[in-house]
Amino acid sequence: MVRENKNMEKVCLFFASDYHFEMISLPYINESLKKNKKVIMMTENNLNETVNKLLSNINLSKKDKEKIAEIDWENNDLNKYKQIENLNKDGKEAVVFIKGRQNYINDINRNLNNIINTKDIKVVDCYDINSIDEEVNDISKNYNEVLSTSGIEKLL
């Protein structure tokens, strides 16, 4: 786990499938958007299809669904790094989700350490429970909080 930058808050999430990830993260994403935070999704795989299916079946206002659908749910990390660099310049608060296998999360965090220079960006590392090398308890020791279906919980 790479997380050296003191400006990034340490939050993690564990998921079993794309739908599971979306069910855990969508309430937090919706809340962040309502607070005018930018939400950036860095993911190993394209989530457009699963997100759109989920949005069609959940009880949210049309406006909330539209805001969530406007997030770039595709795998295009280069564009998203540029968005993060612009956030640094604008000073806008943001939440960056990094969803994938452990190596992907480590690589993205290593790159983010070089570009994030503001405390207004929260990073949520989202681990595929089926592919992690370490125990969940070992990984969670590196974080202050965990995002679950019941929201953000502080860790000891």
Side-chain angles (χ1 to χ4, degrees), residues 1-51 67-149 151-156:
M1 207 239 28
V2 176
R3 188 58 75 80
E4 306 299 325
N5 193 322
K6 304 266 189 280
N7 288 326
M8 290 190 284
E9 286 188 49
K10 297 168 107 178
V11 180
C12 67
L13 177 157
F14 299 96
F15 66 91
S17 69
D18 289 344
Y19 287 113
H20 185 230
F21 163 74
E22 292 155 4
M23 289 299 295
I24 294 170
S25 63
L26 277 180
Y28 186 75
I29 289 169
N30 191 40
E31 179 184 315
S32 296
L33 291 171
K34 285 182 177 186
K35 294 178 180 176
N36 276 340
K37 293 182 182 181
K38 175 77 173 166
V39 175
I40 298 173
M41 188 66 54
M42 301 191 81
T43 176
E44 279 187 295
N45 61 314
N46 183 336
L47 298 173
N48 278 334
E49 185 178 320
T50 55
V51 165
K67 281 187 169 187
I68 292 169
E70 288 174 3
I71 295 170
D72 183 351
W73 294 91
E74 294 186 21
N75 176 331
N76 54 0
D77 295 341
L78 186 57
N79 289 338
K80 293 174 185 179
Y81 284 127
K82 290 176 185 174
Q83 289 178 29
I84 293 167
E85 287 176 332
N86 288 335
L87 288 171
N88 279 330
K89 294 173 190 169
D90 298 340
K92 183 167 180 163
E93 288 187 58
V95 179
V96 178
F97 286 84
I98 305 171
K99 179 202 163 283
R101 293 172 294 187
Q102 195 167 8
N103 286 341
Y104 176 79
I105 291 169
N106 288 343
D107 289 345
I108 297 296
N109 272 297
R110 198 172 359 271
N111 291 332
L112 289 181
N113 280 329
N114 295 323
I115 63 172
I116 291 181
N117 59 15
T118 176
K119 292 184 180 180
D120 295 330
I121 297 176
K122 178 180 275 192
V123 176
V124 182
D125 292 337
C126 308
Y127 291 90
D128 181 347
I129 197 83
N130 301 306
S131 68
I132 55 177
D133 297 330
E134 301 173 43
E135 291 290 323
V136 171
N137 288 338
D138 291 340
I139 291 174
S140 63
K141 288 177 185 173
N142 296 308
Y143 295 88
N144 305 91
E145 301 170 325
V146 63
L147 181 59
S148 67
T149 51
I152 287 196
E153 299 171 20
K154 296 271 185 204
L155 298 173
L156 298 176

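These numbers come from the heavy atoms of this one structure, side chains and all, not from hydrogens, waters or symmetry mates. For reference, positions follow the sequence shown, starting with 1. These numbers were taken from a predicted model, which means no experiment stands behind them.
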Exercise for the section: List the atom of Thr43, the atom of Tyr104, and the distance in Å for their closest heavy-atom pair. Expected result: N-OH, 3.2 Å
Practice task
Working to the nearest 0.5 Å, report the span between CG of Leu26 and CD1 of Ile68.
Solution key: 5.0 Å
Exercise for the section: Begin with the C-alpha distance, continue with both residues' side-chain angles, and end with the deciding distance and a verdict on side-chain contact (heavy atoms from CB on, under 4.5 Å) for Lys35 and Val95. Expected result: CA-CA 11 Å; Lys35 294 178 180 176; Val95 179; over 6 Å; no
Exercise for the section: Give the minimum heavy-atom separation between Ser25 and Leu147, together with the two atoms involved. Expected result: CA-CD2, 4.4 Å
Problem - Donor on one side chain, acceptor on other, Glu93 and Asn36, under 3.5 Å - result: no
Practice task
Could you tell me whether Asp77 and Lys80 make a salt bridge, using a distance below 4.0 angstrom between a side-chain N and a carboxylate O?
Solution key: no
Practice task
Just jot down the side-chain contact (heavy atoms from CB on, under 4.5 Å) partners of Glu153, sequence neighbours excluded, or say none.
Solution key: Val146, Ser148, Ser150
Exercise for the section: Measure the spacing between NZ of Lys38 and CD1 of Ile121 and express it to the nearest 0.5 Å. Expected result: 11.5 Å
Handout entry: Closest heavy-atom pair and its distance - Gly100, Glu44
Key = CA-OE1, 3.2 Å
Exercise for the section: Drop me the distance from Asn142's CG to Lys10's NZ, to the nearest 0.5 angstrom. Expected result: 5.5 Å
Exercise for the section: Using the side chain to side chain donor-acceptor pair (under 3.5 Å) rule, pick out the option among Thr50, Asn75, Asp18 that qualifies with Asn45. Expected result: Asp18
Exercise for the section: With sequence neighbours excluded, tell me which residues meet ring pair (Phe, Tyr, Trp, His ring centres under 6.0 Å) with Phe15. Expected result: Phe21
Handout entry: Separation between OH of Tyr127 and CG of Leu13, rounded to the nearest 0.5 Å
Key = 11.0 Å
Problem - Heavy-atom check, side chain of Glu74 versus side chain of Asn48, under 4.5 Å - result: yes
Problem - Heavy-atom side-chain proximity of Val51 to Ile71 below 4.5 angstrom - result: no
Practice task
Quick one: pull up NZ in Lys99 and CE in Met41 and give me the separation to the nearest 0.5 Å.
Solution key: 9.0 Å
Exercise for the section: Would you give the length of the straight line joining atom CD1 of Ile105 to atom CD1 of Ile139, rounded to the nearest 0.5 angstrom? Expected result: 7.5 Å
Handout entry: Close side-chain approach of Val124 to Tyr143, heavy-atom, < 4.5 Å
Key = no
Problem - side-chain contact (heavy atoms from CB on, under 4.5 Å) between Ile84 and Met42, worked out - result: CA-CA 11 Å; Ile84 293 167; Met42 301 191 81; 4.0 Å; yes
Handout entry: Over all atoms of both residues, closest heavy-atom pair of Leu33 and Lys37
Key = CD2-O, 3.7 Å
Practice task
Show the numbers, then the answer: is there a side-chain hydrogen bond (donor to acceptor under 3.5 Å, both in side chains) between Asp72 and Asn79?
Solution key: CA-CA 10 Å; Asp72 183 351; Asn79 289 338; 5.4 Å; no
Problem - Between Lys67 and Asn30, a side-chain donor and acceptor under 3.5 Å - result: no
Exercise for the section: Taking all non-hydrogen atoms of both residues into account, name the closest pair between Ala16 and His20 and its distance. Expected result: N-ND1, 2.9 Å
